[in-house]
Q: 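What follows is a structure written as structure tokens; I'll ask about it next.
Heavy-atom basis, side chains included; hydrogens, waters and symmetry copies ignored. Convention: sequence-line order gives letters A, B, ...; per-chain numbering from 1.
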Amino acid sequence: MSDTTATHDDNGHDHHIVSVKAYGMVISALFFLMFLTVFMAFVDLGSLNPFIALAIAVSKAVLIVLIFMNVWFSTRLTQIFVAGGFFWLLILFGMIIIDFVSRAMVTNPQAWE
Amino acid sequence: MAHASDSLVAHHFEDIDQQNESAVLGMWLFLAQEILFFGGLFAAYFVYRVKYPDAWAAASSELDIYLGGFNTVVLLVSSFTMAVSVNAAQTGKQQRLMMGMLVTLALGLTFVVVKFFEYKAKWDHGMIPGSGFVYHSTTGDYFAGVNPDQIQLFFCLYFVMTGMHALHMIIGAGLLLWLLALGYNGHFGPHRFMKVELFGFYWHFVDIVWVFLFPMLYLIDRSWMLQG
Amino acid sequence: MHTIAEAQRSAVFPEVNYLSARHTVASWLFTVDHKRIAMLYLVTISIMFALGGSFAALIRLELLTPAGDLLDSDTYNKVFTLHGVIMIFFFLIPSVPATIGNFLIPLMIGCKDLAFPRINLLSYYLYLLGATFAIIVLVRGGVDTGWTFYTPYSSTYAQTEVFYATMAAFAAGFSSILTGLNFIVTIHKMRAPGMSWFRMPLFVWAHYATSLIQILGTPVVAITLVLLATERIWGVGIFNPNIGGDPVLFQHLFWFYSHPAVYVMILPGMGVISEVITCFSRKRIFGYTFVAFSSLAIAVIGFLVWGHHMYVSGQSVFAGIVFSFITFLVAVPSAIKVFNWTATLYKGEITFEAPMIYAFGFMGLFLVGGLTGILLGSMGADVHFHDTYFVVAHFHYVMVGGMVMAFMCGLHFWWPKMTGRMYNETLGQISGILVFVGFNLTFMPQFLVGYLGMPRRYHVYSEEWQMLNVMSTLGATILGLGYILPAIYFPWSLFKGAPAGDNPWDAKGLEWETTSPPPTFNFDEENMPVVTEEAYAYVIERNTLGAR
Ligand SMILES: [Cu+2]
């Protein structure tokens with residue numbers, strides 16, 4: 001992240017300022033990923049499609065969180081809470097999906113195999 | 001959370017660092033809350049997408065990919081202009097800060113207006129959930145045989161998800177107006193930019209929600225468009 | 001050893017304090033002082049508690065006889081629903097955090113206010129907005145879905161005020177989120193010099209864990225209620241089976257918050273007990289770090305068990321097994337706390353002031369509530385117990401026997417600090433004993449009648465269960481008396497109570513080092529506290545042990 005500068009203001013406060021150039025690079029990457037995800041929707045890859053779309057969306061989100069929202073340069077504490085928020089989302093999804101996926105196993109014993 | 005007085009540091013804080021760090025942490029906790037708030041909707045989306053993959057693909061194809069794509073561009077650019085505004089605030093470039101926020105506001109409003117016309121088209125086609133819901137396929141017989149009830153289920157989620165997102169956009173636009181008014185009155189300076197920075201977090205978060213909504217709602221399966 | 005009388009002999013009421021700072025009504029309604037906001041909350045939640053309690057009284061009165069002679073079925077449905085909604089969303093969830101926690105956290109960690117005083121006030125008004133919606137529900141004829149708002153009944157069939165009820169819970173939810181947000185930031189960023197994480201009172205640790213749940217859990221139920229409300233408006237929605245929706249999904253989303261919400265209710269209570277037990281046994285808490293981390297463990301593991309409410313809902317058996325197993329796990333950190341409190345008592349110099357009587361009550365009742373929770377968490381047993389009075393008794397043991405006891409315990413313990421006045425100690429002790437006896441008499445029979453198969457949420461029942469129900473109603477009368485007493489002697493003490501002095505219990509902790517009541521910015525501003533010792537540095541004066 002050499003495009004960024006850390007400045008000390010008069011209060012002795014360490015505030016990272018991300019340069020406009022870095023923001024420019026991120027927005028370019030976001031546009032590339034956006035066109036990629038639109039393109040992929042036109043290609044029929046069967047059950048792979050949703051995973052590709054999700055992977056692209058996650059990478060876009062990560063870029064926005066880390067650079068646009070300065071989390072890359074934030075304190076460890078902030079990073080933990082950001083990660084925690086997303087992790088809790090996975091708990092919500094994961095435990096609900098366990099139920100809906102395994103219901104089929106009971107009503108349809110063949111699904112176990 | 002600057003005090004009403006001229007002092008940059010509120011009475012109950014020791015110094016500006018403590019105040020700023022508290023504000024950043026507080027904002028992130030608020031956003032963690034927002035993640036889970038939208039998370040409930042996404043959980044419902046995933047459950048039904050797994051359950052009804054065909055209906056989901058068919059219903060997704062009823063959405064206007066051009067307007068959706070246009071709005072995605074608008075929102076990404078607005079995130080960029082907001083990031084530039086934050087940079088301008090931090091480096092004390094007042095003119096650029098005002099311009100940046102103004103452009104961001106204009107883009108945000110554009111998004112909402114486009115969204116309104118998308119909703120209106122659905123209204124005109126009778127695709128609002130409720131007793132009058134009708135499903136006329138516009139995709140030919142590519143998705144023949146899907147259950148129209150499940151299409152309606154998709155649209156229930158579509159309207160709540162995009163509606164919640166649009167509501168956040170509108171609230172964001174209101175906050176931007178307030179920040180612009182503050183900036184117009186010379187409120188911001190090289191040591192006084194936390195409000196802009198924190199608002200930036202919020203705006204980017206709303207952008208992230210759309211980053212997921214766009215492929216999940218509009219782009220489930222578009223291969224039929226090439227065959228038509 | 002200090003006695004109350006000894007500490008108070010020289011006590012005078014401080015002239016400068018947060019209560020006397022200003023006297024106008026506006027100075028209360030627009031205050032950003034966390035102590036005044038805590039008092040506003042205290043008054044409001046007491047009113048809501050009385051309201052919820054009167055519904056409980058109606059229920060018990062109706063159940064005196066097996067026939068439905070006092071209320072008809074529809075009214076009964078509304079009464080138990082309003083009892084649940086008001087007690088859970090408007091009393092139990094904000095009870096300790098919004099009142100005692102709001103008042104004490106800045107005092108305990110040695111700062112002048114919470115990090116965001118205005119957000120604190122906003123949180124109070126959101127609570128008030130929610131309470132107003134609850135009153136609107138009441139005035140417009142009530143709601144009959146049960147506090148759980150299960151779909152599809154709530155979304156499709158109920159003819160009552162479901163919409164306003166969801167708005168009430170929604171607003172109260174955001175009030176709770178903002179309180180939690182404020183606490184976490186304050187605890188992270190505002191601690192006094194020397195107040196390291198492991199010198200913090202366990203009350204603060206408990207509130208930190210609670211706040212995590214409030215922030216990460218509440219928004220999910222909020223959006224779920226939005227989905228329910230839109231479904232009422234459209235007449236069709238994502239929980240509607242007619243269009244392929246799954247009502248069980250509602251239960252998943254609802255319990256993702258509402259099981260952890262049980263810990264929002266009980267964790268702050270556990271924090272109160274940790275403070276009171278140490279003070280009145282004059283000992284440092286046994287296993288400080290274990291108690292501290294068990295709070296966090298409860299908060300985290302508590303998020304993984306919600307499916308134990310759904311064993312008979314159509315949830316898959318496999319998911320049930322997973323949830324059941326993790327439910328057993330979450331009992332471990334709770335047990336750690338009870339063991340450590342017991343070990344703290346061991347060889348302590350125990351005295352039985354009113355707060356301590358409540359604390360003992362808490363330990364016994366919470367133990368029963370927790371252990372029957374394990375029983376209900378086992379999937380096989382729950383199929384039998386589900387929706388019987390056994391469940392009702394279990395969660396009342398945890399919420400009333402646990403949280404309300406802890407709330408009363410904390411209120412008695414810190415009342416001198418909050419108001420600067422002593423309440424009548426004898427009456428306090430009597431009320432503590434009344435509550436304990438009345439509570440057990442109310443809910444122990446409900447375990448039995450539930451075990452025998454009496455279902456919850458019915459106003460008529462078979463005659464063989466009448467004896468146990470009469471006992472329960474008798475107990476509820478005694479319980480009510482135990483709650484009415486404090487409602488008299490607390491307000492009375494405001495005018496007639498003896499000045500408390502800075503530290504009437506001779507307790508440890510920063511909150512006892514400032515005046516009672518504290519000044520607006522909590523401490524002498526020229527001389528803000530610096531912490532140099534661990535929490536609970538109590539010393540037993542050994543020689544007094546043999547003398548007594
Ligand atoms: Cu539970």
Q: When only pairs under 4.5 Å are counted, which of T186(C), N242(C), D246(C) shares the most heavy-atom pairs with chain B?
A: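 Result: the option with the highest number of such pairs is D246(C).
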Q: Please tabulate, for the side chains in residues 102-112 of chain C, all donor-acceptor contacts under 3.5 angstrom to protein atoms that are two or more places apart in sequence or on a different chain.
A:
| unit_1 | atom_1 | unit_2 | atom_2 | d |
| --- | --- | --- | --- | --- |
| N102(C) | OD1 | N120(C) | ND2 | 3.0 |
| N102(C) | ND2 | A98(C) | O | 3.2 |
| N102(C) | ND2 | N120(C) | OD1 | 3.2 |

Q: Can you find a pair of side-chain heavy atoms, one from I243(C) and one from C156(B), that are under 4.5 Å apart?
A: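 The answer is yes, as the side chains (C-beta and beyond) meet within the 4.5 Å cut-off.
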Q: If you count heavy atoms of other groups shown closer than 6.0 angstrom to OH of Y125(C), is the number above 12?
A: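 Result for OH/Y125(C): enclosed.
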Q: Given a strict heavy-atom distance threshold of 4.5 Å, which part of F174(C) is in contact with chain B: side chain, backbone, both, or neither?
A: side chain
Q: Just so I know, are the side chains of V160(B) and W234(C) near enough to count as touching, which here means a heavy-atom distance under 4.5 Å?
A: yes
Q: Indicate, with yes or no, if the rings of H12(B) and F521(C) have centres closer together than 6.0 Å.
A: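 No; F521(C) has its ring centre 6.0 Å or more from that of H12(B).
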Q: Between F250(C) and chain B, which part of the residue has a heavy atom less than 4.5 Å away: side chain, backbone, both or neither?
A: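 For F250(C), no heavy atom lies under 4.5 Å from chain B.
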Q: Let me check something: any side-chain donor-acceptor pairs from residues 206-216 of chain C under 3.5 Å, sequence neighbours excluded? List them with distances.
A:
| unit_1 | atom_1 | unit_2 | atom_2 | d |
| --- | --- | --- | --- | --- |
| H207(C) | ND1 | F203(C) | O | 3.0 |
| Y208(C) | OH | H188(C) | NE2 | 2.7 |
| T210(C) | OG1 | A206(C) | O | 2.7 |
| S211(C) | OG | H207(C) | O | 2.6 |
| Q214(C) | NE2 | S176(C) | OG | 3.0 |

Q: Which answer fits V221(C), side chain, backbone, both or neither, if we ask what part of it has an atom under 4.5 Å from a heavy atom of chain B?
A: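 Nothing of V221(C), per the 4.5 Å heavy-atom cut-off to chain B.
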Q: Side chain from CB out, backbone as N, CA, C, O: work out which of these in T230(C) comes under 4.5 Å of a heavy atom of chain B, or both, or neither.
A: side chain
Q: Identify every side-chain donor-acceptor pair in residues 27-37 of chain B under 3.5 Å, counting partners at least two apart or on other chains, and give the distances.
A:
| unit_1 | atom_1 | unit_2 | atom_2 | d |
| --- | --- | --- | --- | --- |
| Q33(B) | NE2 | F30(B) | O | 3.3 |
| E34(B) | OE1 | H168(B) | NE2 | 3.3 |
| E34(B) | OE2 | H168(B) | NE2 | 2.7 |

Q: Where along residues 39-54 of chain B does a heavy atom come under 4.5 Å of chain C, listed by residue number?
A: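 Listed by number: G40(B), L41(B), A43(B), A44(B), V47(B), Y48(B), K51(B), Y52(B).
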Q: Do K189(C) and E14(B) come close enough that some side-chain heavy atom pair is under 4.5 Å?
A: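 SC-SC contact between K189(C) and E14(B) ruled out.
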Q: Nearest 0.5 Å, what's the CD1-CZ distance between I238(C) and F159(B)?
A: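 Separation between the atoms: 15.0 Å.
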Q: In Å, rounded to the nearest 0.5 Å, how long is the span from CG of N182(C) to OG of S22(B)?
A: 10.0 Å
Q: Which bit of I233(C) comes within less than 4.5 Å of chain B, counting heavy atoms only: side chain, backbone, both or neither?
A: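 When you check distances to chain B, no heavy atom of I233(C) falls under 4.5 Å.
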Q: By a 4.5 Å heavy-atom criterion (distance strictly below it), what part of L181(C) contacts chain B: side chain, backbone, both, or neither?
A: both
